[in-house]
Amino acid sequence: MVNKMRNCPECGKLFIDTGAGMCRDCLRKEEESELIVSSYLRDNPGSTIKEIYDATGVKERTIMRMIRAGRFIGKGKISYPCERCGTLITEGRYCNKCMQELKEDIKKATDAIKQKQQKNNPSSDTRMKSRGMYSNK
Ligand SMILES: [Zn+2]
Ligand SMILES: [Zn+2]
């Protein structure tokens with residue numbers, strides 16, 4: 001793998017990306033932030049991102065990124081908004097209600113596809129079968 005020069009998404013400086021996704025300075029800052037947030041969470045489990053931001057000054061965007069990376073698993077619960085409806089949740093990307101609805105949406109979508117396929121060739125299946133049975137043997 002070739003290391004690429006790119007702009008740091010945090011501070012905009014050019015840096016050599018070795019897979020960390022941000023420059024060394026920002027990476028160090030991020031690690032510090034992670035420690036700060038982790039220790040805050042230990043004392044205040046179940047805090048919302050806004051409460052953490054107010055108390056630690058760590059940007060909400062940074063906290064969300066850490067949550068998605070699974071950095072706080074086992075370090076205390078954190079509340080953050082469901083990506084679909086904004087309800088506060090403590091794990092995953094969606095609240096239980098949205099998870100349920102998304103599952104149903106997926107089921108409906110696959111059912112619709114199946115129905116469409118059946119409608120497009122309504123009797124070809126049976127015709128094929130009977131032709132095979134009588135003509136080939
Ligand atoms: Zn940077
Ligand atoms: Zn939701």
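Source: prediction; values computed, not measured. Counting starts at 1 for both ligands and their atoms, in listed order. Positions are given from 1, in the same order as the sequence printed here.
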Taking the side chain as C-beta and beyond, is there a heavy-atom pair between L88 and Y80 under 4.5 Å? no
Does the side chain of M64 reach to within under 4.5 Å of the side chain of K59, using non-hydrogen atoms? no
For [Y], is there an ion pair with [X] - N to carboxylate O distance below 4.0 angstrom?
X	Y	answer
K50	D54	yes
E83	R68	yes
K4	D17	no
R61	E10	yes

Sequence neighbours excluded, the answer for side-chain hydrogen bond (donor to acceptor under 3.5 Å, both in side chains) partners of R84 is E101
side-chain hydrogen bond (donor to acceptor under 3.5 Å, both in side chains) partners for D43, two or more places apart: none
Have a look around the Zn ion (ligand 1) and list protein N/O/S atoms under 2.8 Å, or say none. C8 SG, C11 SG, C23 SG, C26 SG
Treating Ile, Leu, Val, Met, Phe, Trp and Tyr as nodes and any side-chain heavy-atom pair under 4.5 angstrom as an edge, say whether Y53 and I89 lie in one connected cluster. no
Ignoring water, what protein N, O or S atoms are under 2.8 Å from the Zn ion (ligand 2)? C82 SG, C85 SG, C95 SG, C98 SG
